[in-house]
Amino acid sequence: MPETLPVEIEEWLRATRTRRGQFGEPVYFFPETASTNDVAASLAERGAPEGTTVLALSQTAGRGRLGRGWFSPPGAGLYVSIVCRNALAAPFLTLAGGVAVADGVRAVTGLPCEIKWPNDVVLTVDTGRVRRRKLAGVLAEASTGGHGLLYVVLGFGINMRCAVYPAEIADRATSIEAELGRAVEPGSVFAETLAAFAGHMAQLSAGRTEDLLTRWRALAPSARGCAVEWDSPSGRVTGTTAGIDATGALVVRAGGRVERII
């Protein structure tokens with residue numbers, strides 16, 4: 001069962017209410033849950049309106065893209081899922097979530113967050129060779145019916161405090177506390193991210209997709225001119241990123257051809 005929001009989080013939500021609009025109204029808070037996306041989907045199935053938000057401080061079955069687990073230990077992060085019902089915005093929600101998280105963290109901490117396509121928020125570390133450490137991730141999961149889209153649950157996890165990460169991600173993960181050398185109030189990041197997301201959703205609802213794409217491109221330098229590889233039906237392919245197109249697909253030059261990756 002959800003519990004009462006901590007006072008400090010409620011205060012930050014109150015301070016951003018006019019910028020958040022319906023997002024974060026209401027918030028279902030859990031000190032721990034299995035998966036915030038699953039809770040939000042259950043609420044959406046029961047008719048929860050757009051903007052309904054689930055917040056947890058720990059997950060026992062968090063997940064990322066392609067069904068991978070998301071490390072969600074107690075006291076180390078923010079785990080959030082938002083119910084979205086706007087069909088115009090739906091194709092761009094992963095991009096909007098990434099931009100909102102990056103802008104929310106930037107607003108509170110000043111950290112120069114970047115986006116790595118399709119759904120990672122990263123910080124670039126140069127210790128002799130450039131490496132990108134993951135600070136946050138975004139996961140959009142849609143439900144459709146006979147008449148089209150029913151809803152999308154947009155989830156994101158942000159690493160707030162230092163933690164002992166599993167060996168397989170220890171050299172690729174970071175947190176706000178590790179980068180700043182001090183802790184940051186989670187409520188401030190939560191509220192500012194919701195406010196940023198509300199702004200991008202207003203643009204998408206008005207059909208202004210280019211505003212979001214422009215901001216995403218500015219935050220994603222690795223989406224142009226970086227070597228990548230991916231699996232195709234004919235095997236592994238390598239190429240060089242060439243930006244994103246108007247639909248949000250990654251454009252890659254591979255040999256003499258151009259590929260769209262979605």
**Q.** W117 and W216: CA distance, side-chain angles, deciding distance, side-chain contact (heavy atoms from CB on, under 4.5 Å) verdict
**A.** CA-CA 10 Å; W117 190 92; W216 191 95; 3.6 Å; yes
Q: Run the numbers on R217 and E210 for salt bridge (Lys or Arg N to Asp or Glu O under 4.0 Å), then give the verdict.
A: CA-CA 10 Å; R217 292 178 181 119; E210 191 54 40; 2.9 Å; yes
Q.
For a side-chain hydrogen bond (donor to acceptor under 3.5 Å, both in side chains) check, start with the C-alpha distance between E179 and T174, then their side-chain angles and the critical distance, and finish with the verdict.
A. CA-CA 7 Å; E179 298 297 327; T174 190; 2.5 Å; yes
So, does [X] use its side chain to make a donor-acceptor pair with the main chain of [Y] at under 3.5 Å?
X: N86; Y: L88; answer: yes
X: S188; Y: V184; answer: no
X: S58; Y: E32; answer: no
X: E259; Y: V251; answer: no
X: S42; Y: V39; answer: no
X: R224; Y: A242; answer: yes
X: N159; Y: S175; answer: no
X: R85; Y: P49; answer: no
X: T52; Y: A48; answer: no

Using 0.5 Å steps for rounding, measure from the [atom1] atom of [X] to the [atom2] atom of [Y].
X: S143; Y: L150; atom1: OG; atom2: CG; result: 4.5 Å
X: L212; Y: M201; atom1: CG; atom2: CE; result: 10.5 Å
X: C162; Y: I176; atom1: SG; atom2: CD1; result: 11.0 Å
X: S81; Y: F156; atom1: OG; atom2: CZ; result: 8.0 Å
X: E3; Y: L57; atom1: CD; atom2: CG; result: 9.5 Å
X: L78; Y: R161; atom1: CG; atom2: CZ; result: 10.0 Å

Q: Go through F23 and I82 one step at a time and tell me if the side-chain contact (heavy atoms from CB on, under 4.5 Å) criterion holds.
A: CA-CA 8 Å; F23 294 95; I82 307 168; 3.7 Å; yes
Would you name the heavy atoms of [X] and [Y] that are closest together and state the gap between them?
X: R14; Y: R20; value: N-NH2, 4.5 Å
X: N37; Y: G155; value: OD1-CA, 3.2 Å
X: A249; Y: I262; value: CB-CG2, 3.5 Å
X: A191; Y: T16; value: CB-OG1, 3.5 Å
X: S222; Y: T241; value: O-OG1, 3.1 Å
X: V252; Y: I261; value: CG2-CD1, 3.6 Å

Can you find a pair of side-chain heavy atoms, one from [X] and one from [Y], that are under 4.5 Å apart?
X: F190; Y: L55; result: yes
X: D120; Y: L135; result: no
X: T247; Y: R260; result: yes
X: C84; Y: L93; result: yes
X: V228; Y: T238; result: no
X: L13; Y: E11; result: no
X: Q59; Y: T36; result: yes
X: L219; Y: D103; result: yes

Flag yes if [X] and [Y] sit in one hydrophobic cluster, no otherwise; membership is Ile, Leu, Val, Met, Phe, Trp, Tyr, and two members link when side-chain heavy atoms are under 4.5 Å apart.
X: V152; Y: Y28; answer: no
X: V80; Y: V189; answer: yes
X: I115; Y: V122; answer: no
X: W12; Y: F29; answer: no
X: V99; Y: I244; answer: yes

Expected list for residues 105-112: side-chain donor-acceptor pairs under 3.5 angstrom, two or more places apart:
| from | atom 1 | to | atom 2 | distance (Å) |
| --- | --- | --- | --- | --- |
| R106 | NE | C113 | O | 3.0 |
| R106 | NH2 | C113 | O | 2.8 |
| T109 | OG1 | V105 | O | 2.7 |
| T109 | OG1 | L111 | N | 3.0 |

Q.
Can you tell me if R253 has over 12 outside heavy atoms packed within less than 6.0 Å of its CZ?
A. no
Q) For E50 and Y151, does a side-chain donor sit closer than 3.5 Å to a side-chain acceptor? A) no
**Q.** Verdict with supporting geometry, D38 and R63, side-chain contact (heavy atoms from CB on, under 4.5 Å)
**A.** CA-CA 10 Å; D38 288 347; R63 62 182 177 273; 2.8 Å; yes
(Q) Working note: V101 + F197, criterion side-chain contact (heavy atoms from CB on, under 4.5 Å); need CA distance, chi angles, decisive distance, verdict. (A) CA-CA 8 Å; V101 171; F197 184 68; over 6 Å; no
**Q.** Audit row: K134, E114, salt bridge (Lys or Arg N to Asp or Glu O under 4.0 Å) steps and yes/no
**A.** CA-CA 10 Å; K134 187 169 179 175; E114 298 177 353; over 6 Å; no
